[in-house]
There are 2 protein chains.
Amino acid sequence: MEENKKDVTIYDIAEELNISPSTVSRALNDHSSIGSKTKKAVKKLAEKWGYRPNSFAASLRTKRSNTFGIIVSWINRPFISSLISGIENTAREAGFHTIITQTQDYTESEITNVKTLYDNRISALIVSLAMETTDYSHFDSIRNSGIPIVFVDRIPPTLGIHKVQINNFSAAFEATEHLIEQGCKRIMYFGGARHQSIYEDRRLGYVAALKKHDLELDKSLMVQGNTLDAEEGYRIASEVLSRDSIPDGIFCANDTAAVSAIQCAKSMGILIPDQLKIIGFNDDPICTIIDPPLSSVHHPAVEMGEAAVRKALAMLENEIDPEAGSTVTLDTHIVVRKSTQSEKTLESDVSIADQSMG
Amino acid sequence: MEENKKDVTIYDIAEELNISPSTVSRALNDHSSIGSKTKKAVKKLAEKWGYRPNSFAASLRTKRSNTFGIIVSWINRPFISSLISGIENTAREAGFHTIITQTQDYTESEITNVKTLYDNRISALIVSLAMETTDYSHFDSIRNSGIPIVFVDRIPPTLGIHKVQINNFSAAFEATEHLIEQGCKRIMYFGGARHQSIYEDRRLGYVAALKKHDLELDKSLMVQGNTLDAEEGYRIASEVLSRDSIPDGIFCANDTAAVSAIQCAKSMGILIPDQLKIIGFNDDPICTIIDPPLSSVHHPAVEMGEAAVRKALAMLENEIDPEAGSTVTLDTHIVVRKSTQSEKTLESDVSIADQSMG
DNA sequence: TTGTACGCGTTATCAG
DNA sequence: CTGATAACGCGTACAA
């Protein structure tokens with residue numbers, strides 16, 4: 001029962017070595033003006049006694065926590081978990097901790113999470129918005145206190161913010177154009193809530209591609225989901241594919257819905273890609289699992305996390321004007337698989353997704 | 001540029017209301033011995049001035065951080081991300097933050113993560129071991145300082161620890177027996193590193209099931225992978241399925257490898273489930289995506305995270321003797337899908353996995 | 001190169 | 001019910 005072993009402090013070390021606590025503090029922090037012998041002695045004893053700095057005392061003093069706060073909708077989604085993985089790795093290498101919170105897509109949770117993260121005096125905040133969120137004033141307290149905020153993926157449409165994103169418009173344009181090039185004439189857009197700019201941008205990219213190729217814009221083929229989960233994907237696909245006249249191509253705003261659409265079409269005897277071509281968004285691991293393999297827009301999740309951290313670090317070092325707003329836009333590309341290949345085209349993608357283990 | 005707006009403290013409030021800081025502190029914490037009028041006045045002003053407590057000062061004083069530390073291998077794996085999601089939700093409801101770190105399966109990272117989490121004086125630590133880890137002494141510092149540790153899923157084989165687990169032996173036994181009941185005679189075990197007890201237990205469950213049913217134990221059919229990722233799964237499956245005499249059933253220690261085995265078998269023209277039946281482990285979302293759908297052992301990830309937090313909370317409140325060791329074992333069950341159904345059996349599972357969106 | 005002295009914002013103890 | 005005071009452990013201006 002060694003529970004009450006008190007923590008070793010710099011005072012203990014100072015006393016033992018007959019030097020002052022400040023010298024110990026400086027020695028431990030490799031301050032330039034400390035003799036190498038004392039430095040060595042201090043570090044040796046610290047090591048021996050298992051000294052570990054008290055980060056609260058340090059943070060209280062310096063007002064810096066060296067901690068990043070993260071707010072996301074759900075941790076257990078492929079895109080989000082990879083994003084977080086990228087954030088955590090990059091943050092750790094830079095000497096920062098990562099506090100994680102999820103909103104479950106409720107704005108209310110987002111608001112309380114902002115508050116509790118503020119209480120923890122996080123060094124910076126990285127946010128991907130809750131699906132519900134349309135007002136952004138709950139981030140003001142953070143901004144006003146000079147804490148950098150970086151928005152990722154699901155970002156506010158506001159100006160003057162710092163964000164890491166992809167070009168959703170052009171990605172969607174490219175995906176839709178790909179369907180057109182494969183011979184599709186009646187293309188459905190299966191998207192998410194329009195108040196989230198990423199989905200609206202994808203819709204606009206879709207519309208633009210149709211326009212460029214002089215295809216009719218059929219409003220009945222533009223469908224918005226709320227959650228874009230598997231259940232909803234299946235339900236909506238099944239409604240659309242039961243109509244008298246069905247589309248010959250579908251551009252889905254995520255892979256989950258796209259996979260459900262494939263499953264639904266298969267169950268109805270609709271041949272993919274012959275009768276119906278489908279392309280998704282995100283390039284989740286499931287793309288290579290479904291049969292036929294799903295074409296998709298590759299979304300660089302890990303890299304977006306890294307970029308967000310780098311931007312936050314730059315803001316902390318005043319390399320970026322926090323008031324100005326800045327944008328990092330990462331490249332996407334479409335990954336063509338069988339689900340969109342017309343008869344004449346050859347198979348191109350045979351990669352096996354790296355994925356879960358347990 | 002309001003960056004330098006100083007945080008409001010209890011002193012500011014005290015001064016304004018002509019009361020003492022301690023009264024403010026008590027009022028804010030709903031201390032029983034404070035008049036309701038002063039309480040109300042304090043809270044009102046705190047609200048008005050946007051007072052937010054400084055958690056460092058409080059933690060420094062109380063030596064409690066109200067923070068859980070998490071150490072896992074990789075955040076972006078289906079099982080792990082769901083585990084974390086369960087932890088974060090439960091912890092947040094109990095008023096705790098969650099600091100997350102990943103080891104990328106390196107013991108060395110595990111060691112440094114333990115140290116930095118200790119520096120942050122976490123209230124409790126929840127760990128799922130790195131694949132590599134076989135020595136556990138780096139957790140001693142945490143234990144010795146009385147911080148509760150709860151191991152989840154990948155746990156040390158040591159006695160006297162607190163852990164949340166499933167019964168890997170019986171789950172594997174059940175899965176293997178299921179294959180036998182479906183008529184399999186030559187069953188392959190495709191497992192992970194044996195020094196990780198979860199994999200060793202699964203192997204032993206497999207062996208026991210064969211034994212019970214008087215099936216020969218063919219050592220050439222017991223294969224251990226290192227990473228159990230998709231690439232390795234495919235490679236090993238392809239080696240085994242190229243032999244003169246191939247198995248008629250495979251029990252995989254995870255779904256990723258199982259899916260790769262299905263893909264490999266299909267590419268070789270081996271019919272599933274007619275010629276080869278496959279069952280996985282975890283019940284990841286991909287199980288319902290692959291064709292044929294993959295039977296698997298359902299692994300309650302979210303619930304394990306919740307249980308781990310509850311156990312940690314109980315230890316913090318001294319409801320559990322930290323020195324004693326305790327175990328929560330959650331139930332698993334096999335989910336039968338097409339990949340293991342002999343001709344006569346009917347399809348049973350048609351659920352659609354709830355999954356990613358973006 | 002090292003030591004002294006103070007303050008960061010809270011909470012706990014003790015006294016009233 | 002409320003106030004004064006000390007202490008938590010560290011970093012840093014200032015002095016030596």
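Labels below follow one simple rule: chain letters A, B, ... track the order of the sequence lines, proteins then strands, and each chain is numbered from 1.
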Report summary line: Across all chains, not counting sequence neighbours, the ring-ring contact (aromatic ring centres under 6.0 Å, His included) partners of B:Phe56 are none
Report summary line: Taken in chain and number order and not counting sequence neighbours, the residues that satisfy ring-ring contact (aromatic ring centres under 6.0 Å, His included) with B:Phe96 are B:Phe68
Query raised in the report: How bent is the helix from C:dT1-D:dA16 to C:dG16-D:dC1, comparing axes over its five end pairs at each side, to the nearest 10°?
Result: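 Roughly 30° between the end axes, to the nearest 10°.
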Listed partners of [X] passing side-chain hydrogen bond (donor to acceptor under 3.5 Å, both in side chains), at least two apart:
| X | result |
| --- | --- |
| A:Lys40 | none |
| B:Ser141 | none |
| A:Thr67 | none |
| A:Glu88 | A:Arg92, B:Gln102 |

Report task. Name all residues meeting the salt bridge (Lys or Arg N to Asp or Glu O under 4.0 Å) criterion together with A:Asp140; count only those two or more places apart in sequence or in a different chain, and write none if there are none. Result ->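 For A:Asp140, no residue satisfies salt bridge (Lys or Arg N to Asp or Glu O under 4.0 Å) once neighbours in sequence are set aside.
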Report task. Could you list where the contact with chain A starts and ends along DNA chain C, reading 5' to 3', using a 4.0 Å heavy-atom cut-off? Result ->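 Range of nucleotides within reach of chain A: C:dT1 to C:dG9.
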Requested in this report: Mark up nucleotides 8-16 of chain D, 5' to 3', with B wherever a protein heavy atom is under 4.0 angstrom from a base atom, S wherever such an atom reaches only the sugar-phosphate, and - elsewhere.
Outcome: BBBBBB---
Query raised in the report: Which residue pairs pass the side-chain hydrogen bond (donor to acceptor under 3.5 Å, both in side chains) test when at least one of the two sits in residues 13-25 of chain B, sequence neighbours left out?
Result: B:Ser20-B:Ser22, B:Ser20-B:Thr23
Report task. Could you tell me which residues satisfy side-chain contact (heavy atoms from CB on, under 4.5 Å) with A:Gln165, sequence neighbours excluded, listed by chain and number? Result ->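 side-chain contact (heavy atoms from CB on, under 4.5 Å) list for A:Gln165, sorted by chain: A:Ile155, A:Lys163, A:Thr327, A:Thr329.
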Query raised in the report: When you check the side-chain N and O atoms of B:Asp135 and B:Ser137, is any donor under 3.5 Å from an acceptor?
Result: yes
Report task. Scan A:Ser59 against the nucleic acid and name what it touches under 4.0 Å (heavy atoms): base, sugar-phosphate only, or nothing. Result -> nothing
